[in-house]
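Everything numeric here is computed off the predicted structure, so don't read it as measured data.
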Number of protein chains: 2
Amino acid sequence: MRPDQALRWWKEVCLSQVTDRHPDLTLRQMTILLTIYLDPPPHTVRGLAARLGVTKPVITRALDTMGAMGLVDRRRDESDLRNVVIMRTVAGSLYLEQFADTILAVRQELHP
Amino acid sequence: MRPDQALRWWKEVCLSQVTDRHPDLTLRQMTILLTIYLDPPPHTVRGLAARLGVTKPVITRALDTMGAMGLVDRRRDESDLRNVVIMRTVAGSLYLEQFADTILAVRQELHP
DNA sequence: GGACGACGTTTCGTTTCCGAAACAGTCTAC
DNA sequence: GTAGACTGTTTCGGAAACGAAACGTCGTCC
């Protein structure tokens, strides 16, 4: 794949996100969401913060926002009540599933 | 390419953008930038607004921000002074070039 | 059991973006 | 030449995210 093909692919996916999708996720929010669903659990606030190289409040706020959207869920860790484990949700899985479809559909369009 | 591979690819690219890149572009800003550099010129504010399905002020503000970063430039259309044509810059080309490298590098890492 | 450290959250003030409406400047048509 | 349509921009109030610091809660360790 050539560089300009990669850029074109990325552009079309971004474009479809801008035009179609109503819940407009931040780059950080999207990264957090993908990390939660693709990396092996358990996920904690400090773990995500360290992984992304951001401060903890960034994670907390992103979880607030995406939690309100139903994309993620939080639960206290019973074994260590200081921790909060981030849970996946059906809505979140569906969201990313559709997003993956978009990525592949765009690819199909560009390189039939 | 399978759906989860696509998501994993997208995640890693987003992650590198979050951790590395200092100028953190919005999804809309990135889409505008890519459209300017990949679609055939000339580009105008109303054209971009129609293409992305957003209002004109969104484009104006994004151009302000990215213009301050040196990623794009604006010039009045001599033949019709109402229009503003958006110009590419060396810095913008370099930025997207490096971004394309990131995309391909991540891809190489995931599927060696 | 009390001091210390770690966890996630909240607060504070600032910055940025947003949508809708109003705006100044320019072209066009009559 | 003047009314009207069009360009891109600015304004307005409101919403959201930011960094840095302080906070309440909980575990650990002596």
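Where Pro57(B) and Ala62(B) each meet DNA chain C at their nearest nucleotide, the meeting point lying more 5' is that of Ala62(B). Mapped onto DNA chain C by nearest heavy atom, Asn83(A) and Asp64(A) fall at different nucleotides, with Asn83(A) at the one closer to the 5' end. When each of Lys56(B) and Thr65(A) is assigned the nucleotide of DNA chain D with its nearest heavy atom, Lys56(B) is the one assigned upstream, toward the 5' end.
Counting to the nearest Å, the P atom of dA16(D) and the CG atom of Leu25(A) are 13 Å from each other. Between the P atom of dT7(D) and the CG atom of Leu63(B) lies a distance of 16 Å, rounded to the nearest Å.
Taking a 4.0 Å limit (strictly below) on heavy-atom distances, residues 29-53 of chain B reaches DNA chain D at Thr44(B), Val45(B), Arg46(B).
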Indicate every side-chain donor-acceptor pair of residues 31-40 of chain B with a distance under 3.5 Å to a residue at least two apart or in another chain.
| from | atom 1 | to | atom 2 | distance (Å) |
| --- | --- | --- | --- | --- |
| Thr31(B) | OG1 | Leu27(B) | O | 2.7 |
| Thr35(B) | OG1 | Thr31(B) | O | 2.7 |
| Tyr37(B) | OH | Leu71(B) | O | 2.8 |
| Tyr37(B) | OH | Thr89(B) | N | 2.7 |
| Tyr37(B) | OH | Thr89(B) | O | 3.1 |
| Tyr37(B) | OH | Thr89(B) | OG1 | 3.4 |
| Asp39(B) | OD1 | Lys11(A) | NZ | 2.7 |
| Asp39(B) | OD2 | Arg51(B) | NE | 3.0 |
| Asp39(B) | OD2 | Arg51(B) | NH2 | 3.4 |

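Residue Thr60(A) has no polar side-chain atom (N or O) positioned under 4.0 Å from OP1 or OP2 of dG8(C). Look at Arg61(A) and you won't find any side-chain N or O under 4.0 angstrom from OP1 or OP2 of dG8(C).
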Short heteroatom pairs, N/O only, protein and nucleotides 23-30 of chain C, under 3.5 Å:
| from | atom 1 | to | atom 2 | distance (Å) |
| --- | --- | --- | --- | --- |
| dC27(C) | OP1 | Leu81(B) | N | 3.0 |

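For the residue pair Ile103(A) and Trp9(A), the shortest heavy atom distance occurs at O-NE1, 3.2 Å. Between Leu25(B) and Met66(B) the shortest heavy-atom distance is CD2-CG, 4.2 Å. Closest approach of Glu12(A) to Val106(A), counting heavy atoms only: CB-CG1, 3.3 Å. Shown here for Pro3(B) and Ala100(A), the closest heavy-atom pair between the two residues is O-CB, 3.8 Å.
Atom CZ of Arg75(B) is surrounded by 12 or fewer heavy atoms from other residues, nucleotides or ligands within 6.0 Å.
For Gln29(A) (side chain) and Thr26(A) (main-chain N/O), a donor-acceptor pair under 3.5 Å exists by modelled atom type.
Donor-acceptor pairing under 3.5 Å, judged by distance alone, is absent between the side chain of Arg74(B) and the base of dG8(D).
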